[in-house]
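Heads up, the thing below is written out as structure tokens.
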Amino acid sequence: MSIGYETTTIDIIDLPDIPESLPYAIDDFSLAFHLGFRNKILWYILHDTKAQYKVFRIPKRKRGQYRIIHDPSDTMRALLERLHVKFLAPLQDELGPHVTAYRKNISTIDAVHQHIRKCDVCDNIDKAITPAPHDCPKRGVYIHMDLRDFFPHTSRAWIREYLQSVGYSHQVAGYMASLMVVADIPNPKYKKGAKDRYGYPARKFLAGVPQGAPTSGAICNLVANARLDKHILRYVKQRNKEDKVSGEWAWRYTRYSDDLSFTCGKSFSKEKHRKIVDDIADIIGKSGYAVNGSKTKISQDYHRRKLLGVVFNRDANYQKDEYLRLRAIVHNCVVNGFEHEYEKAGQISADAMIPWLRGNINWVNQINKTKGRKLLNEFDQALAKHEAQEGG
């Protein structure tokens with residue numbers, strides 16, 4: 001007497017080719033395991049990621065404009081922090097030096113320094129002395145461009161496509177992509193009763209990356225590097241060859257989040273500069289992104305060059321008018337207290353203003369130690385006064 005099946009078939013499946021530096025997640029159970037959550041918790045969050053966020057607006061400098069911030073729940077924050085550390089951080093470490101935002105041990109100063117040229121004449125003369133006329137790579141051209149709606153524009157489909165290119169299956173890449181987006185972005189093409197290209201009802205809201213989640217900066221970096229940066233770097237290499245420039249005179253490119261910066265040690269005609277901008281805009285459009293045309297700037301050697309709040313015509317320095325504005329805010333906080341000044345500074349509360357102001361002062365201190373130390377001393381006075389009032 002025989003027990004069991006007379007014939008047995010074995011289906012051999014192809015396991016995904018995932019890099020050794022990344023967790024080996026092949027389904028929802030293994031993904032939940034690597035994130036340190038039970039599978040049912042993972043699916044509870046996946047069912048409605050929007051419910052895991054509190055949404056609020058903070059005003060931008062431009063009057064009437066706001067930035068939408070998503071504050072994740074404690075559970076969502078813990079999950080996304082683990083997702084970032086285990087899955088995204090190893091991939092971020094492999095990015096080139098042209099990507100300077102949201103990366104460990106890389107600051108905005110590193111982005112600026114890549115565009116500061118060395119000159120045998122200018123670098124060996126006192127700053128108070130005007131050097132004699134000479135060919136100087138510091139006097140070339142600087143082009144700044146900005147991507148429109150960088151975070152919400154990074155869609156779930158883009159993220160899934162990128163994670164699949166890394167080695168994860170369509171299923172697992174889809175799970176991770178769903179965790180990193182929120183479907184609350186109004187679809188500008190939505191019309192009642194309209195169908196999408198697959199015949200399903202058109203979506204009223206699109207899923208994009210929220211600002212405020214621990215994974216947002218990293219995943220937008222990685223997707224933009226795969227979709228956009230590689231094409232721009234290829235174009236920059238082509239420009240250097242066509243313009244016959246190298247070394248300190250060569251074209252250079254960096255991207256800090258949605259800020260794209262291009263510099264060259266030589267200047268060309270206005271027509272050629274505009275042609276280069278159009279070429280880059282064409283690359284950006286074909287990659288799926290959009291250019292914020294109002295922020296496109298072309299600076300010659302006689303213009304003040306500003307990148308991420310740093311002036312770098314000759315060497316890196318903090319912008320004077322911004323420093324005076326910050327100094328006035330700090331002084332007013334010493335006199336009136338944070339409670340009376342936070343709204344003027346565009347902050348939601350005094351408690352929110354303190355880390356914001358400290359961060360801005362630390363940024364000045366990185367660029368200019370003398371100015372930064374003066375601001376830090378005044379800030380400490382304002383903070384001591386605030387803590388004394390709170391304690392009383």
Side-chain angles (χ1 to χ4, degrees), residues 95-101 103 106-147 224-225 228-284 286-287 291 295-319 366-368:
L95 294 175
H98 63 280
V99 183
T100 56
R103 299 183 65 185
I106 297 179
S107 69
T108 49
I109 290 294
D110 296 308
V112 176
H113 281 169
Q114 291 188 55
H115 294 286
I116 296 178
R117 313 286 171 144
K118 295 179 182 178
C119 176
D120 294 336
V121 177
C122 296
D123 293 340
N124 295 295
I125 194 172
D126 191 281
K127 292 183 178 180
I129 299 174
T130 302
H134 64 284
D135 289 334
C136 179
K138 295 179 183 287
R139 299 176 182 172
V141 62
Y142 166 48
I143 297 174
H144 172 266
M145 301 179 74
D146 184 85
L147 301 179
N225 183 69
L228 175 64
D229 292 345
K230 65 179 182 180
H231 299 295
I232 290 183
L233 289 171
R234 189 180 301 121
Y235 176 75
V236 167
K237 187 177 180 180
Q238 177 188 336
R239 277 259 62 85
N240 286 330
K241 186 176 180 179
E242 291 183 6
D243 297 334
K244 298 179 180 179
V245 290
S246 60
E248 295 302 317
W249 304 90
W251 282 97
R252 297 176 184 175
Y253 164 66
T254 61
R255 179 177 58 78
Y256 187 89
S257 187
D258 56 357
D259 287 305
L260 279 57
S261 300
F262 304 83
T263 56
C264 182
K266 287 188 176 182
S267 287
F268 305 93
S269 65
K270 291 183 179 180
E271 292 75 16
K272 185 166 184 177
H273 290 161
R274 178 50 57 186
K275 172 64 167 56
I276 292 171
V277 168
D278 290 342
D279 288 344
I280 297 169
D282 185 57
I283 294 172
I284 292 171
K286 289 179 178 177
S287 299
V291 178
K295 293 186 178 181
T296 298
K297 294 180 180 179
I298 302 174
S299 301
Q300 303 277 24
D301 60 326
Y302 47 83
H303 293 132
R304 181 177 65 178
R305 302 183 183 188
K306 180 183 174 184
L307 172 59
L308 306 173
V310 182
V311 177
F312 67 102
N313 283 64
R314 186 168 173 180
D315 294 300
N317 203 351
Y318 198 77
Q319 187 173 330
Q366 288 185 51
I367 303 168
N368 190 309

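The analysis underlying the following values was restricted to heavy atoms, covering all of them including side chains, and did not include hydrogens, waters or symmetry mates. Bear in mind that the values here come from a model prediction, so they are computed numbers and not experimental data.
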Exercise. Arg139 versus Cys119: any side-chain heavy-atom pair under 4.5 Å?
Worked result: no

Seminar exercise, completed: What one should report as the nearest heavy-atom pair of Val277 and Ile143 is CG2-CG2, 3.9 Å

Exercise. Which one of His273, Met145, Lys270 satisfies the side chain to side chain contact (heavy atoms under 4.5 Å, CB included) criterion with Ile298?
Worked result: His273

Exercise. Any salt bridge between Asp229 and Arg255, counting N to O under 4.0 Å?
Worked result: yes

Exercise. If you look at every heavy atom in Ala111 and Thr100, which pair is closest and at what distance?
Worked result: CB-OG1, 3.3 Å

For this session: Answer whether the closest heavy-atom distance between the side chains of Phe262 and Val141 falls below 4.5 Å.
Result: no

Exercise. Taking atom CG of Leu233 and atom CG of Leu228, what is their separation to the nearest 0.5 Å?
Worked result: 9.0 Å

For this session: Kindly give the heavy-atom pair with the smallest separation between Ser257 and Ala101, and that separation in Å.
Result: N-CB, 3.3 Å

Exercise. Of the non-hydrogen atoms in Trp249 and Arg117, which two are nearest, and what is the gap between them?
Worked result: C-NH1, 3.7 Å

Exercise. Should we say atom CG of Asp278 is surrounded by more than 12 heavy atoms from elsewhere, each under 6.0 Å from it?
Worked result: yes

Exercise. About how many Å separate CD1 of Ile109 and CD1 of Ile116, when rounded to the nearest 0.5 Å?
Worked result: 8.0 Å

Seminar exercise, completed: In terms of heavy-atom contacts, Ser261 and His144 come closest through OG-CD2, 4.2 Å

Exercise. Ion pair present between Lys272 and Asp243, side-chain N to carboxylate O less than 4.0 angstrom?
Worked result: yes

Problem set entry | Thr263 vs Gln114 side-chain heavy atoms within contact, under 4.5 Å | no

For this session: Could you walk me through whether Ile232 and Val236 pass side-chain contact (heavy atoms from CB on, under 4.5 Å), step by step?
Result: CA-CA 6 Å; Ile232 290 183; Val236 167; 4.2 Å; yes

Problem set entry | NZ on Lys230 to NE2 on His98, rounded to 0.5 Å | 11.5 Å

For this session: Look at the rings of Phe268 and Trp251 and say which category their plane angle falls in: under 30° parallel, 30 to 60° tilted, over 60° perpendicular.
Result: parallel

Problem set entry | Inter-residue atom distance Leu260.CG - Lys295.NZ, 0.5 Å rounding | 12.5 Å

For this session: Kindly check if the number of other-residue, nucleotide or ligand heavy atoms within 6.0 Å of CG (Asp120) is above 12?
Result: no

Exercise. Taking all atoms of both residues into account, what is the closest heavy-atom pair of Thr296 and Val291, and its distance?
Worked result: OG1-CG1, 3.9 Å

For this session: Find the distance between CD1 (Ile276) and CD (Glu271) and round it off to the nearest 0.5 Å.
Result: 11.5 Å

